[in-house]
K.L.:
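Handing you a structure now.
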Amino acid sequence: MIITRFSPAPTGDLHIGGARTALFNWLFARHHNGEFHLRIENTDLQRSKDEFTNSIIESLKWMELNWNHISYQNENLNEHVKIANMLLASGYAYRCYTSEEDLEKQREQSKKLGKVFIHDRKWRNVKEVQEGPYAVRFKMPLNQTLTINDVVQGKVSIQSDQLDDFVILRRNGSPTYLLSAVVDDMNAKVTHVIRGNDHLTNTFKQQEILKALNSNLPIYAHIPLIHNCEGAKLSKRHGALSVLEYKKQGILPMAFCNYLLRLGWSHGNDEIISREQAIKWFNLENIGKASARFDEEKLYSTNSIYMRSLTETELRDEVFTFAKNMKYNLINDETWSKISSILPSIAARTKTIKELSNDVYDFFGSELPKYNYDVVKPINTKVKNFLMKYVPIKGSKEEIELNLRNKLMNESLSLKDVALHIRLALTGRKVSPGLFDMMFVLSEYEYTSRIKAWLKKVS
RNA sequence: GUCUCCAUCGUCUAGCGGUUAGGACACAACCCUUUCACGGUUGAAACACGGGUUCGAUUCCCGUUGGAGAUGCCA
């Protein structure tokens, strides 16, 4: 059985890079009818925070990436230490007594010489236990070519002298990520490790641990990183790229996932890919090797496509939820029953649920729109007189339109003469949903009071 | 610095030795229309550079350049 895992460190909100890694892991597991595990890597006591664990979980739930199993890495610490001691006993690891100051000196030395930093391995062959604090280091092979067979990156090799004898147990006795992740993966029988390309170098090290443990190697797939618009690695410091931030902005989760999926993975020319299709089509082979830049514009565009595919009821529910979260005064059921039918028309003009909701509230909320127009179309007396006495009939949008057109014709006016004025009066904007949509929803009082206010304004 | 990886329109990408180099976003024009948007039509826009291999390279190989990642007793 295929088992994948997503293993975020709860040191910040889930950002789009992590979200995509999670999505790929989930999709791959689903595609193969396997399991997707979530492992919270909370071993960095200083930086790990429960609030981040919660926000990561909230993000994944929002994206509807459910897991078969969840674990918290700090619960397995004893197991990791046990393995470290085993490696120590079997001679694959050793106690290193080098002080931090010493290490720092050596690091500077390497820098001067223009080499990778490899500490002096002074204690590598000392078996006797010494006085003083020590860290446990893993013995990397010497003078070998190390190779990873990566599904995405292909065959990647490195000379073992480029890699340090890395710490698996800190001076304080706690295991490091390099060890913990491997042990947990091994015990969870993870078959495919799909993670960011920034872990590639770690893989050479982790592979050696696995070999020392006589364990099977998982299949590795290192996916290219997503870069920000400047082309650099995404950092948790960029709050705007947090998943929850997009949720807040009114991005639909499936649109979000669709966008993320297409960032680095493709299926011919397909752009809009449903969850179902994604599960059916997803594979590791079609993941590109080059890193991609995050393009917010395209995310919004994808979102607007998803929004337009929603039904009236679904749109209403989205707006309702948004308004509730934003603590807007809720619109009454009677008005809603009218708004619903024109929701798709408003949705077609907006990119996010947030924009949609705000439009709905601007147009149909209890307050009059603010007249922030840039252009005041000059109004002539004839038009003004018409608007002063005209009141839309009660009826369907079509009936309202027909009626208005007829009345205009009687006065030798055209729709063009009055359209912009009505629009500005009703919405306070040059851009708005269809006139008759607006007239259909607004009550006679709302209509006339807005018209009156407008006419006062332009007179 | 050293190591590793990457390189097709501005962006995301298709392409897997022979194509008028395709699609999407964004952009421009036109059509539709009560405006905008949607939709439709069209347009502008790319194989980083230099060597090979080959009858033929965007595609394979090697350099150069550019970019990214790693280089933690973080994960």
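Computed from heavy atoms alone, side chains included, the values below leave out hydrogens, waters and symmetry copies. Below, chains carry the letters A, B, ... as their sequence lines are ordered, and counting in each starts from 1. Quantities reported herein were computed from a predicted structural model and do not represent experimental measurements.
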K.L.:
Would you measure the distance from the P atom in B:rG50 across to the matching atom in B:rA29 and give it in whole Å?
P.N.:
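Approximately 36 Å lies between the P atom of B:rG50 and that of B:rA29.
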K.L.:
Measuring from the side chain of A:Ala292 (C-beta onward, heavy atoms only), which nucleotide among B:rC5, B:rG22, B:rU13 has the closest atom?
P.N.:
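Nucleotide nearest to A:Ala292's side chain: B:rU13.
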K.L.:
Does A:Thr43 offer a backbone N or O that forms a donor-acceptor pair with the side chain of A:Asn74 under 3.5 Å?
P.N.:
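No; zero donor-acceptor contacts below 3.5 Å.
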K.L.:
Look at the side chain of A:Asn76 and the backbone N and O of A:Glu79, then say whether any donor-acceptor pair between them is shorter than 3.5 Å.
P.N.:
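Pair absent, no side-chain N/O of A:Asn76 close to backbone of A:Glu79.
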K.L.:
What is the distance, rounded to the nearest whole Å, between atom CD of A:Glu104 and atom P of B:rU71?
P.N.:
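A:Glu104 atom CD is separated from B:rU71 atom P by 15 Å.
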K.L.:
Using the side-chain heavy atoms of A:Lys298, tell me which of these nucleotides is nearest: B:rG23, B:rC6, B:rC73.
P.N.:
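Given the options B:rG23, B:rC6, B:rC73, the side chain of A:Lys298 is closest to B:rG23.
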K.L.:
Look at atom CG of A:Asp50 and say whether more than 12 heavy atoms of other residues, nucleotides or ligands are closer to it than 6.0 Å.
P.N.:
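Count not over threshold, so no.
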K.L.:
Could you check whether A:Leu178 gets within reach of a base, just the sugar-phosphate, or nothing at all, counting any heavy atom under 4.0 Å?
P.N.:
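The answer is nothing, as A:Leu178 stays clear of every strand by at least 4.0 Å.
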K.L.:
Could you tell me which residues satisfy side chain to side chain donor-acceptor pair (under 3.5 Å) with A:Arg5, sequence neighbours excluded, listed by chain and number?
P.N.:
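Only A:Ser7, A:Asp185 meet the side chain to side chain donor-acceptor pair (under 3.5 Å) criterion with A:Arg5.
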K.L.:
Distance check, C1' atoms only: B:rC12 and B:rC36, in whole angstrom units.
P.N.:
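Rounded to whole Å, the distance is 27 Å.
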K.L.:
Could you work out the separation of B:rC38 and B:rA24 based on their P atoms and round it to a whole Å?
P.N.:
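The same atom, P, in both gives a distance of 14 Å.
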K.L.:
Using purine N1 to pyrimidine N3 plus N6-O4 or O6-N4 for Watson-Crick, or N1-O2 and O6-N3 for G-U wobble, each under 3.5 Å, what pairs with B:rA44?
P.N.:
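Because no pair has both required distances under 3.5 Å, B:rA44 counts as unpaired.
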K.L.:
Any donor and acceptor pair, going by atom type alone, linking the side chain of A:Asp165 with main-chain N or O of A:Met140 inside 3.5 Å?
P.N.:
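Checking the backbone N and O of A:Met140 against the side chain of A:Asp165, a donor-acceptor pair under 3.5 Å is found.
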K.L.:
In whole Å, what separates the C1' atom of B:rC47 from that of B:rU8?
P.N.:
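Those two atoms are separated by 4 Å.
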K.L.:
Which residue, A:Gln153 or A:Leu299, contacts RNA chain B at a nucleotide closer to its 5' end, judged by nearest heavy atom?
P.N.:
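The residue mapped nearer the 5' terminus is A:Gln153.
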K.L.:
For B:rG1, does either OP1 or OP2 sit under 4.0 Å from a side-chain N or O belonging to A:Lys111?
P.N.:
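Checking B:rG1 against A:Lys111, no side-chain N or O comes under 4.0 Å of OP1 or OP2.
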K.L.:
Name the orientation class of the two ring planes belonging to A:Phe138 and A:Tyr92 (parallel below 30°, tilted from 30 to 60°, perpendicular beyond 60°).
P.N.:
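The rings of A:Phe138 and A:Tyr92 lie parallel, inter-plane angle below 30°.
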K.L.:
Distance between the P atoms of B:rU20 and B:rU64, in whole angstroms?
P.N.:
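Pairwise P distance, B:rU20 against B:rU64, rounds to 35 Å.
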K.L.:
When the distance from OH of A:Tyr300 to P of B:rC12 is rounded to whole Å, what number comes out?
P.N.:
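Spelled out: OH on A:Tyr300 to P on B:rC12 is 18 Å.
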K.L.:
If I take atom CG in residue A:Asp165 and atom P in nucleotide B:rC73, what distance separates them, rounded to the nearest angstrom?
P.N.:
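To the nearest whole Å, that distance equals 12 Å.
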K.L.:
Of A:Gln73 and A:Gly114, whose nearest nucleotide on RNA chain B comes first from the 5' end?
P.N.:
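Result: A:Gly114.
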K.L.:
So which nucleotide does B:rU4 pair with, by the Watson-Crick or G-U wobble rule with both distances under 3.5 Å?
P.N.:
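B:rU4 is paired, partner B:rA68.
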K.L.:
Taking atom P of B:rG72 as reference, at what distance in whole Å does atom CE of A:Met140 sit?
P.N.:
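Rounding to the nearest Å, CE of A:Met140 and P of B:rG72 are 14 Å apart.
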K.L.:
Can you tell me how far P in B:rU59 sits from the matching atom in B:rG51, rounded to whole Å?
P.N.:
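Result for the P pair: 13 Å, nearest Å.
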K.L.:
Under 4.0 Å between a Lys/Arg side-chain N and an Asp/Glu carboxylate O for A:Glu108 and A:Lys111?
P.N.:
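Looking at A:Glu108 and A:Lys111, the cut-off is not met.
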K.L.:
Taking B:rC60 as the reference, what is the distance to B:rC5 when you measure between their P atoms (whole Å, please)?
P.N.:
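My reading of the P atoms in B:rC5 and B:rC60 gives 15 Å.
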K.L.:
Taking OP1 and OP2 of B:rA75, is either one under 4.0 Å from a side-chain nitrogen or oxygen of A:Thr43?
P.N.:
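Yes, A:Thr43 has a side-chain N/O under 4.0 Å of OP1/OP2 on B:rA75.
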K.L.:
Who does B:rU34 pair with, Watson-Crick or G-U, both distances under 3.5 Å?
P.N.:
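Answer to the pairing question: none, since B:rU34 forms no Watson-Crick or G-U pair.
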K.L.:
If B:rC49 has a Watson-Crick or G-U wobble mate with both distances under 3.5 Å, name it; if not, just say none.
P.N.:
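Checking every strand shown, B:rC49 finds its partner in B:rG63, with both distances under 3.5 Å.
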K.L.:
With the side chain of A:Glu297 defined as its heavy atoms from C-beta on, choose the nearest nucleotide among B:rA14, B:rU4, B:rC25.
P.N.:
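The listed nucleotide nearest to A:Glu297's side chain is B:rC25.
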K.L.:
What does the list of N/O pairs under 3.5 Å between the protein and nucleotides 67-70 of chain B look like, with a distance for each?
P.N.:
from: B:rA68; atom 1: O2'; to: A:His227; atom 2: NE2; distance (Å): 3.0
from: B:rG69; atom 1: OP1; to: A:Lys233; atom 2: N; distance (Å): 3.0
from: B:rA70; atom 1: OP1; to: A:Lys233; atom 2: NZ; distance (Å): 2.9
from: B:rA70; atom 1: O2'; to: A:Thr201; atom 2: OG1; distance (Å): 3.2

K.L.:
List in chain and number order the residues that pass side chain to side chain donor-acceptor pair (under 3.5 Å) with A:Asn172, two or more places apart in sequence or in another chain; answer none if no residue qualifies.
P.N.:
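For A:Asn172, the residues satisfying side chain to side chain donor-acceptor pair (under 3.5 Å) (neighbours in sequence not counted) are A:Ser174.
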K.L.:
May I have the distance from A:Tyr259 (atom OH) to B:rC12 (atom P), rounded to whole angstrom?
P.N.:
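Value for this atom pair: 8 Å.
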K.L.:
Side-chain N or O of A:Lys351 versus OP1/OP2 of B:rA26: is the shortest distance under 4.0 Å?
P.N.:
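Yes, within the criterion.
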K.L.:
Using the ring-ring contact (aromatic ring centres under 6.0 Å, His included) rule, take A:Tyr94 and A:Trp123 through it: C-alpha gap first, then chi angles, then the decisive distance, then the call.
P.N.:
CA-CA 7 Å; A:Tyr94 61 95; A:Trp123 305 96; 9.1 Å; no
K.L.:
Give me the distance, rounded to whole Å, that separates B:rU58 from B:rG39 when you measure between the P atoms they each carry.
P.N.:
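Roughly 36 Å separates the two P atoms.
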K.L.:
Would you classify A:Thr98 as touching base, sugar-phosphate or nothing, given that sugar-phosphate means primed atoms plus P, OP1 and OP2, and contacts are heavy atoms under 4.0 Å?
P.N.:
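Here A:Thr98 touches the bases of the nucleic acid.
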K.L.:
What pairs of nitrogen or oxygen atoms, one from the protein and one from nucleotides 34-37 of chain B, lie under 3.5 Å apart?
P.N.:
from: B:rU34; atom 1: OP1; to: A:Arg405; atom 2: NH2; distance (Å): 2.6
from: B:rU34; atom 1: O2; to: A:Arg423; atom 2: NH2; distance (Å): 2.5
from: B:rU35; atom 1: N1; to: A:Arg423; atom 2: NH2; distance (Å): 3.2
from: B:rU35; atom 1: O2; to: A:Arg423; atom 2: NH1; distance (Å): 3.4
from: B:rU35; atom 1: O2; to: A:Lys430; atom 2: O; distance (Å): 3.1
from: B:rU35; atom 1: N3; to: A:Arg423; atom 2: NH1; distance (Å): 3.0
from: B:rU35; atom 1: N3; to: A:Ser432; atom 2: O; distance (Å): 3.2
from: B:rC36; atom 1: O2; to: A:Arg349; atom 2: NH1; distance (Å): 2.5
from: B:rC36; atom 1: N3; to: A:Arg349; atom 2: NH1; distance (Å): 2.1
from: B:rA37; atom 1: O2'; to: A:Ala348; atom 2: O; distance (Å): 2.3

K.L.:
Tell me if the NZ atom of A:Lys280 is crowded by more than 12 foreign heavy atoms within 6.0 Å.
P.N.:
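12 or below, so no.
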K.L.:
Applying salt bridge (charged side-chain N to carboxylate O under 4.0 Å, His left out), can you list everything that pairs with A:Asp437, at least two apart in sequence or on another chain?
P.N.:
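Testing A:Asp437 for salt bridge (charged side-chain N to carboxylate O under 4.0 Å, His left out), a comparison that skips the adjacent residues, returns A:Lys397.
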K.L.:
Among residues 355-363 of chain A, which ones have heavy-atom contacts with RNA chain B below 4.0 Å?
P.N.:
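Under 4.0 Å from RNA chain B: no residue of residues 355-363 of chain A.
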K.L.:
Nearest of B:rC12, B:rC73, B:rU4 to any side-chain atom of A:Arg262?
P.N.:
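Side chain of A:Arg262 sits closest to B:rC12.
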K.L.:
Would A:Trp67 and A:Ile57 satisfy side-chain contact (heavy atoms from CB on, under 4.5 Å), going step by step from the backbone distance to the final call?
P.N.:
CA-CA 10 Å; A:Trp67 46 88; A:Ile57 286 177; 3.8 Å; yes
K.L.:
Does any nucleotide pair with B:rU58 by Watson-Crick or G-U wobble geometry, both distances under 3.5 Å, and what is it?
P.N.:
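No nucleotide pairs with B:rU58.
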K.L.:
Rounded to the Å, how far apart are A:Asp270 CG and B:rG15 P?
P.N.:
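The answer, rounded to whole Å, is 12 Å.
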K.L.:
For B:rC25, give the paired nucleotide (Watson-Crick: N1-N3 plus N6-O4 or O6-N4; G-U: N1-O2 and O6-N3; both under 3.5 Å), or none.
P.N.:
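Partner of B:rC25: B:rG10.
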K.L.:
May I ask you to decide if the ring planes of A:Tyr259 and A:Phe294 are parallel, tilted or perpendicular, using 30° and 60° as cut-offs?
P.N.:
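Rings of A:Tyr259 and A:Phe294: perpendicular, as their planes differ by over 60°.
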K.L.:
In terms of relative ring orientation, are A:His119 and A:Phe117 parallel, tilted or perpendicular, with 30° and 60° separating the classes?
P.N.:
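Plane angle between 30° and 60°, so tilted.
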K.L.:
Looking only at side chains, do A:Thr4 and A:His192 share a donor and an acceptor under 3.5 Å apart?
P.N.:
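Looking only at side-chain atoms, A:His192 and A:Thr4 do not form any donor-acceptor pair under 3.5 Å.
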K.L.:
Describe the nucleic acid contact of A:Arg107 in one word from base, sugar-phosphate, nothing, applying a heavy-atom distance below 4.0 Å.
P.N.:
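Counting heavy atoms under 4.0 Å across all strands, the contact made by A:Arg107 is with sugar-phosphate only.
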K.L.:
Can you check the A:Asn303 CG to B:rA24 C1' distance for me, whole Å?
P.N.:
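Going from CG in A:Asn303 over to C1' in B:rA24 covers 16 Å.
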